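Small disclaimer: the values here were computed from a predicted structure and weren't measured.
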Amino acid sequence: MFSRIFLALVVVALAGCATPPGKSHQSIVTAQADKTVEPGPQVWEAPAAEFPLICILLASDGKLIFKGGFLFFNEGVWRINSASGNTELILGGTVPFPEAPVKEQLRKHAGALAAYDSARRLLAYKISEQTGSIEFGGFVFYRKPQCGAP
């Protein structure tokens with residue numbers, strides 16, 4: 001009899017370790033994955049050289065804004081994909097998606113680019129807190145606290 005009571009207590013205790021009511025296992029995994037990437041805002045800056053300084057702004061409200069260059073891709077949106085953990089940029093504007101250079105960048109595994117979908121105008125970057133730079137349009141962008149472009 002004591003062993004049955006003990007077994008019942010063990011089962012109840014283990015059930016308490018299960019996913020809390022109202023939370024799916026997926027949402028717990030998502031929350032853990034999101035800890036590796038800043039939810040926003042994020043500023044990525046390509047320093048001035050042959051071309052003026054350019055910024056990619058990932059605003060807290062999900063807007064993707066270019067400053068100083070690539071203005072024809074404004075205004076886009078961005079998000080963190082909960083399944084992959086990738087930071088997804090969806091380019092705005094009406095100019096054609098830059099598929100050829102993006103395909104080449106992905107082939108070379110350059111600039112943290114992990115995937116793209118030209119039909120959706122989507123670029124997926126593998127960004128973590130340790131990621132110091134990303135590549136976009138042949139420019140290297142570095143993480144900065146604020147944008148220096150006008």
Side-chain angles (χ1 to χ4, degrees), residues 11-150:
V11 169
V12 169
L14 289 176
C17 294
T19 304
K23 292 222 177 203
S24 69
H25 176 67
Q26 178 65 29
S27 65
I28 291 172
V29 171
T30 300
Q32 291 170 347
D34 288 351
K35 288 181 186 177
T36 62
V37 179
E38 298 171 21
Q42 293 182 47
V43 175
W44 295 90
E45 183 179 277
E50 185 179 334
F51 295 95
L53 184 136
I54 304 169
C55 292
I56 300 173
L57 306 174
L58 307 181
S60 298
D61 62 0
K63 289 182 183 174
L64 166 67
I65 301 168
F66 291 87
K67 284 187 146 189
F70 297 113
L71 301 179
F72 42 80
F73 287 126
N74 280 338
E75 173 175 307
V77 296
W78 77 279
R79 64 178 175 244
I80 297 174
N81 182 311
S82 61
S84 67
N86 289 339
T87 300
E88 296 180 342
L89 310 182
I90 301 169
L91 302 176
T94 58
V95 298
F97 183 83
E99 186 165 11
V102 167
K103 187 181 286 187
E104 182 67 14
Q105 181 182 345
L106 188 60
R107 187 184 69 75
K108 291 180 178 178
H109 304 288
L113 185 66
Y116 74 94
D117 181 338
S118 58
R120 294 173 45 210
R121 301 179 61 82
L122 182 141
L123 298 164
Y125 290 90
K126 191 59 132 179
I127 299 175
S128 71
E129 291 177 7
Q130 293 76 36
T131 305
S133 66
I134 62 173
E135 187 177 315
F136 178 82
F139 292 85
V140 177
F141 289 79
Y142 300 94
R143 189 187 302 264
K144 296 289 183 175
Q146 61 186 24
C147 176

Closest non-hydrogen atoms of Gln105 and Leu113, given as atom of the first, atom of the second and distance, are NE2-CB, 3.6 Å
Please determine whether side-chain contact (heavy atoms from CB on, under 4.5 Å) holds for the pair Phe66 and Ile56, giving the CA-CA distance in whole Å, both sets of side-chain angles, and the decisive distance to 0.1 Å.
CA-CA 5 Å; Phe66 291 87; Ile56 300 173; 3.6 Å; yes
Step-by-step side-chain contact (heavy atoms from CB on, under 4.5 Å) determination, Leu57 to Leu64
CA-CA 6 Å; Leu57 306 174; Leu64 166 67; over 6 Å; no
Sorted by chain and residue number, the ring pair (Phe, Tyr, Trp, His ring centres under 6.0 Å) partners of Phe141 (sequence neighbours excluded) come out as none
What one should report as the nearest heavy-atom pair of Val43 and Gln146 is CG1-C, 3.6 Å
dist Glu88:CD -> Trp78:CH2 (nearest 0.5 Å) comes out at 11.0 Å
One should read off an interatomic distance between Ile127 CD1 and Ile80 CD1, to the nearest 0.5 angstrom, of 8.5 Å
Mutual orientation of the aromatic rings belonging to Phe73 and Phe136 [parallel < 30°, tilted 30-60°, perpendicular > 60°] = perpendicular
Notebook entry, point to check: Does Asn86 offer a backbone N or O that forms a donor-acceptor pair with the side chain of Asn81 under 3.5 Å?
Noted result: no
Rounded to the nearest 0.5 angstrom, the NZ-CD1 distance for Lys126 and Ile134 is 14.5 Å
Closest non-hydrogen atoms of Phe97 and Leu123, given as atom of the first, atom of the second and distance, are CZ-CD2, 3.7 Å
Closest non-hydrogen atoms of Arg120 and Ile90, given as atom of the first, atom of the second and distance, are O-CG2, 3.5 Å
Requested in this report: Evaluate the side-chain contact (heavy atoms from CB on, under 4.5 Å) criterion for residues Trp44 and Arg143: first the C-alpha distance (whole Å), next the side-chain angles of each, then the deciding distance (0.1 Å), finally the verdict.
Outcome: CA-CA 5 Å; Trp44 295 90; Arg143 189 187 302 264; 3.6 Å; yes
Smallest heavy-atom separation, Thr131 atom then Ala112 atom, equals CG2-CB, 4.4 Å
Disulfide bond (SG atoms under 2.5 Å apart) pairs touching residues 66-150, sequence neighbours excluded, are Cys55-Cys147
### Message
Test your reading of the model: is there a side-chain donor-acceptor pair from Tyr125 to the backbone of Gly111, 3.5 Å cut-off?
### Response
no
- Sidechain-backbone polar pair: Arg79 side chain, Gly62 backbone, donor-acceptor under 3.5 Å: no
Nearest heavy-atom contact between Ser133 and Val140 is CB-CG1, 3.8 Å
